Amino acid sequence: MEKRMSWDEYFMEMAKLVSKRSTCLRRHTGAVLVKDNRIIATGYNGAPKGLPHCAEVGCMREALKVPPGQRHELCRGLHAEQNAIIQAAVFGVSTRGATLYTTTYPCVICAKMIINAEIGEVVYDDDYEDDLAKRMLSEARIKVRRFKTRR
């Protein structure tokens, strides 16, 4: 008999699935907001609703050779974490105390939104070097842990 997936495995697989909707040319990221083992919102990285995607107009960051983790304002897209938080707001769902599953460690902009959205925990899969994000999440006492697959 096959072992049942843990909740962490289940929600991280969902975040990976959500990332497949990403329209970013550089990195596909997915996020799932969860409360009481129920998904309350999802998000993936891409252009704002109704605007052309990077695949259609090109990547400004790539054209300017901006390294990952720098000059976020030069991107036409929103990050997966931002879109999940915004989706919860649009539909009137509280994020207070929620767990955010994300395929990539949040950047500092997302970290600030996570703090103000009162998200209680972040579970991430791939690392992203943003020391300020890590420091701010720690200062805010947001529980952060790297996803571990059961073997």
Side-chain angles (χ1 to χ4, degrees), residues 5-35 38-91 93 95 98-140 142-151:
M5 292 177 116
S6 70
W7 286 113
D8 277 355
E9 290 168 325
Y10 177 72
F11 294 125
M12 191 57 75
E13 284 298 316
M14 295 296 286
K16 289 176 183 177
L17 179 64
V18 170
S19 78
K20 293 181 181 198
R21 290 277 305 155
S22 170
T23 59
C24 179
L25 299 175
R26 293 176 73 163
R27 179 191 308 252
H28 289 200
T29 304
V32 176
L33 270 170
V34 175
K35 271 180 115 170
R38 301 288 178 258
I39 294 170
I40 61 170
T42 64
Y44 53 87
N45 54 333
K49 186 159 79 173
L51 298 184
H53 295 286
C54 299
E56 300 168 86
V57 297
C59 177
M60 185 184 330
R61 291 172 56 81
E62 198 66 34
L64 296 172
K65 297 181 179 19
V66 177
Q70 297 178 19
R71 305 292 314 269
H72 295 288
E73 77 278 7
L74 294 177
C75 179
R76 70 182 291 109
L78 288 98
H79 290 181
E81 302 92 332
Q82 294 167 341
N83 274 324
I85 292 167
I86 291 166
Q87 185 184 75
V90 166
F91 291 100
V93 178
T95 56
T99 298
L100 176 74
Y101 287 85
T102 180
T103 58
T104 305
Y105 194 98
C107 73
V108 69
I109 295 168
C110 292
K112 291 185 275 187
M113 291 181 70
I114 288 164
I115 293 164
N116 277 5
E118 298 185 23
I119 291 168
E121 181 178 16
V122 175
V123 181
Y124 71 97
D125 195 14
D126 292 329
D127 206 8
Y128 184 73
E129 289 306 316
D130 192 327
D131 291 337
L132 183 55
K134 291 175 181 178
R135 192 164 55 248
M136 291 184 81
L137 288 169
S138 175
E139 286 174 24
I142 307 289
K143 182 177 179 185
V144 178
R145 60 188 171 87
R146 188 155 194 180
F147 171 70
K148 292 182 184 159
T149 306
R150 284 191 304 192
R151 305 231 184 249

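Residues take their numbers from the sequence shown, with the count starting at 1. In what follows, every heavy atom counts, from backbone to side chain, and hydrogens, waters and symmetry copies are set aside. Because the structure is predicted, anything quoted here is derived from the model rather than measured.
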Whether Phe11 and Tyr101 hold their rings parallel, tilted or perpendicular, with breakpoints at 30° and 60° |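 Judged by the thresholds at 30° and 60°, the geometry between Phe11 and Tyr101 is tilted.
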Check for a donor-acceptor pair, side chain of Glu13 on one end and backbone N or O of Tyr10 on the other, with a separation under 3.5 Å.
->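 No.
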Keeping the roles fixed (side chain from Glu9, backbone from Ser6), state whether a donor-acceptor pair exists under 3.5 Å.
->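 Present.
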Closest approach of [X] and [Y], non-hydrogen atoms and distance?
X: Ala98; Y: Ile119; answer: O-CG2, 3.2 Å
X: Ser19; Y: Tyr44; answer: CA-CB, 4.5 Å
X: Thr95; Y: Ala88; answer: CG2-CB, 3.7 Å
X: Arg61; Y: Leu74; answer: CG-O, 3.5 Å
X: Pro106; Y: Ile114; answer: CG-CD1, 3.7 Å
X: Ala84; Y: Ala41; answer: O-CB, 3.4 Å

Salt bridge Asp127-Lys134, side-chain N to carboxylate O under 4.0 Å |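 The answer is yes: the pair qualifies as a salt bridge.
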Please identify each residue that fulfils salt bridge (Lys or Arg N to Asp or Glu O under 4.0 Å) with Asp131, with sequence neighbours left out.
->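 Salt bridge (Lys or Arg N to Asp or Glu O under 4.0 Å) check on Asp131 returns nothing, list empty.
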I'd like to check [X] versus [Y] (side-chain heavy atoms, cut-off strictly below 4.5 Å). Are they in contact?
X: Leu33; Y: Thr42; answer: no
X: Val18; Y: Val32; answer: yes
X: Met136; Y: Val108; answer: yes
X: Lys112; Y: Asn116; answer: no
X: Val144; Y: Tyr124; answer: yes
X: Leu25; Y: Glu62; answer: no
X: Thr99; Y: Lys35; answer: no

Got a second to check how far [X]'s [atom1] is from [Y]'s [atom2], nearest 0.5 Å?
X: Arg76; Y: Leu78; atom1: CZ; atom2: CG; answer: 10.5 Å
X: Arg27; Y: Thr103; atom1: CZ; atom2: OG1; answer: 8.5 Å
X: Ser138; Y: Lys143; atom1: OG; atom2: NZ; answer: 14.0 Å
X: Asp8; Y: Asp125; atom1: CG; atom2: CG; answer: 11.0 Å
X: Met60; Y: Glu73; atom1: CE; atom2: CD; answer: 9.5 Å
X: Gln82; Y: Met113; atom1: CD; atom2: CE; answer: 5.0 Å

Answer yes or no: does atom CZ of Arg145 have more than 12 heavy-atom neighbours from other residues, nucleotides or ligands under 6.0 Å?
->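 Enclosed.
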In this structure, are over 12 heavy atoms from other groups packed under 6.0 Å from Arg71 atom CZ?
->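 Not buried by this count: 12 neighbours or fewer within 6.0 Å.
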Please identify each residue that fulfils ring pair (Phe, Tyr, Trp, His ring centres under 6.0 Å) with Tyr128, with sequence neighbours left out.
->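 Partners of Tyr128 by the ring pair (Phe, Tyr, Trp, His ring centres under 6.0 Å) criterion come out as none, since no residue qualifies.
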With respect to Glu81, which candidate in Thr102, Asn45, Thr29 satisfies the side chain to side chain donor-acceptor pair (under 3.5 Å) definition?
->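 So, applying the side chain to side chain donor-acceptor pair (under 3.5 Å) to Glu81 and each of Thr102, Asn45, Thr29, only Thr102 qualifies.
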Stepwise side chain to side chain contact (heavy atoms under 4.5 Å, CB included) test for Glu121 and Ile142 | CA-CA 6 Å; Glu121 181 178 16; Ile142 307 289; 5.7 Å; no
